[in-house]
Amino acid sequence: MNALKALSVLLFFAVTGTAQPAAVFRKVLTGITTAQASAAVTNMGQTMHIAYVFFPGQTTTQSGIQVRIEASYDNTTFFPISEDITSAANVGGTVYDVVTAFGPWPYIRVRSLTTAPNAMTVWYAGHTIPTISTIQDKPDRFIL
Amino acid sequence: MTLKTLLLAASLAAAIATGQTSQQTVFKAKVFNAITTAQASAPLPNIGQAVHVMSVFFPTAVADVTGIVFRTEGSFDNTTYFPISEDITTATYNGTYAYAIARCNGPYPYVRLRYVTADASNRPLTANYTGSIQPIGLVKLSGTRYIADSPLAGATVDGPGLSISGNYYVYNRRMTPIVPAQWTSRNLDALTVRTDGIGYINLDIWGNTRSYQMVCTPLPSSPYRIRVHFLRLNGMRAGDNPNEIGVALRNTSDGKFVLNYIYLYSQWIGGRWASFSSEASQYWNNPGSYDSQPIHSFDIQDDGTNRIWRFWDGFRTYRNFNNTATEQQLRTEYTTPDEVCFGGSGQNGNYRFSTTLVGYDVNPTW
């Protein structure tokens, strides 16, 4: 009977544990001003990658930055898979910008290549199904 | 192992197999239920969806509901939210109720709906949400119904324009399609026909005196930049009393306006008008022909001090005179406008003429 109970518990967790999430989110760089790269993000086979660059507390355009999404096959040699974000404007009261990349890669990270004028925070979002075609720049928002 | 144990293991294994199918869609009915005030919802259920569909209903409405602002917002920390959708500003009446459906994309840890500007008539609003992992195409208004495109749909024809990935083009010029309900008719002759279509307003103008017949919409707050796009008129004739078409900035209180209009084939005249039928004086009168395209785009800027008139060719703005003062005045010169108008003067009694307003942009970023 004890063995049966143990088996039931194990199988219960197996059922609940095998549901695959569709999205992964991670704050990859927090309040940075220096050039650096994040660690590789969690990879669940996502093929759509989005990086959001924020300047919390700022109200004016932040220029002179260079942030991109990069990929690698060996977690050593990385190459860019997105365009660079080179500035972040005040969009609807928040200073931020966004860039997308697509494709399945074993290792994905976000990299800031330059110093930032003020503390910069970068979020990464990945999704298993590509749903975004273009990013529309509006006066007060980005429409994906 | 007993038979009972085997059966139990088998049923649990079956449960594992079904449990591996992840949830694809999440619904939240009545995110807002009969509300009348501006407010934001709590974060919506999140299964990692990257497609968000919001629907708003006004069950007691008996006509279009306008002047509202409703949107979807996203956040990474459940504190700083930002808009991730276009605003719903009109709910279309379908004969039974007024409603609107809109879709936006993007995976976010936190998503909410927000009623930003409530209906001035306090009609109750109910809103629902669908989140999907699978993509859907653009949701478009067709008559009085909302139809979602297939996610595989490419460029689609919408009225006079082409929609590509959410952007709208007429004659290769990117613009915002006209929402006819936002344009009020002014001084239309009884024999003039106004036709509202998807993304456009056509004026088929009749007249035999020099009097401007227009459609107008409120201007944004200063400073601003607007672009007005229209298709070339027909029915012009050199010689006797040519028909005219143009764009005006008008004051609804005193009825005065400042106007830039096309005269004959490609001559542009700008000036002051005391009323629809009374030209007071001119800013410029260029007899040269410098615009032969079938579509015209006026770019008018109010920088907080000056009013600046330019043309836009789909790529850049430009002025025509070396003396920049010619196409620039103080923003309050002659009158302080509160609406922009498009229309024409059908003074040639022999010829009707037709012209179509196809786009209007407020503070464009392109």
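Note: hydrogens, waters and symmetry copies are ignored here, and every other heavy atom, side chains too, is used. Lettering of chains follows the sequences in order, A, B, ..., and the numbering in each one begins at 1.
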Considering all heavy atoms of both residues, which atom of B:G48 and which atom of A:A22 are nearest to each other, and what is their separation?
-> O-CB, 3.8 Å
What are the two closest non-hydrogen atoms of A:H127 and B:P107, and how far apart are they?
->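 A:H127 and B:P107 have their closest heavy atoms at CD2-CB, 3.9 Å.
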What residues of residues 217-225 of chain B sit under 4.5 Å from chain A when only non-hydrogen atoms are counted?
->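 At a heavy-atom separation under 4.5 Å, chain A is reached by no residue of residues 217-225 of chain B.
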Pick one of side chain, backbone, both or neither for B:D87, based on which atoms fall under 4.5 Å of a heavy atom in chain A.
-> both
Contact class of B:E86 relative to chain A, heavy atoms under 4.5 angstrom = both
Flag if over 12 foreign heavy atoms under 6.0 Å of [atom1], [X]:
X	atom1	answer
B:F315	CZ	no
B:N172	CG	no
B:K28	NZ	no

With chain B as the partner chain, list the residues of [range] whose heavy atoms fall under 4.5 Å from it, by residue number, and write 'none' if nothing qualifies.
range	answer
residues 129-143 of chain A	A:I129, A:P130, A:T131, A:I132, A:S133, A:T134, A:Q136, A:D137, A:K138, A:P139, A:D140, A:R141, A:F142, A:I143
residues 24-43 of chain A	A:F25
residues 59-71 of chain A	none

Could you check which of B:P135, B:P109, B:G106, B:P364 has the highest count of heavy-atom pairs closer than 4.5 Å to chain A?
-> B:P109
Working to the nearest 0.5 Å, report the span between CZ of B:F82 and OH of A:Y96.
-> 5.5 Å
A:M48 CE to B:N105 CG distance, which is reported to the nearest 0.5 Å |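 If we round to the nearest 0.5 Å, A:M48:CE and B:N105:CG are 7.5 Å apart.
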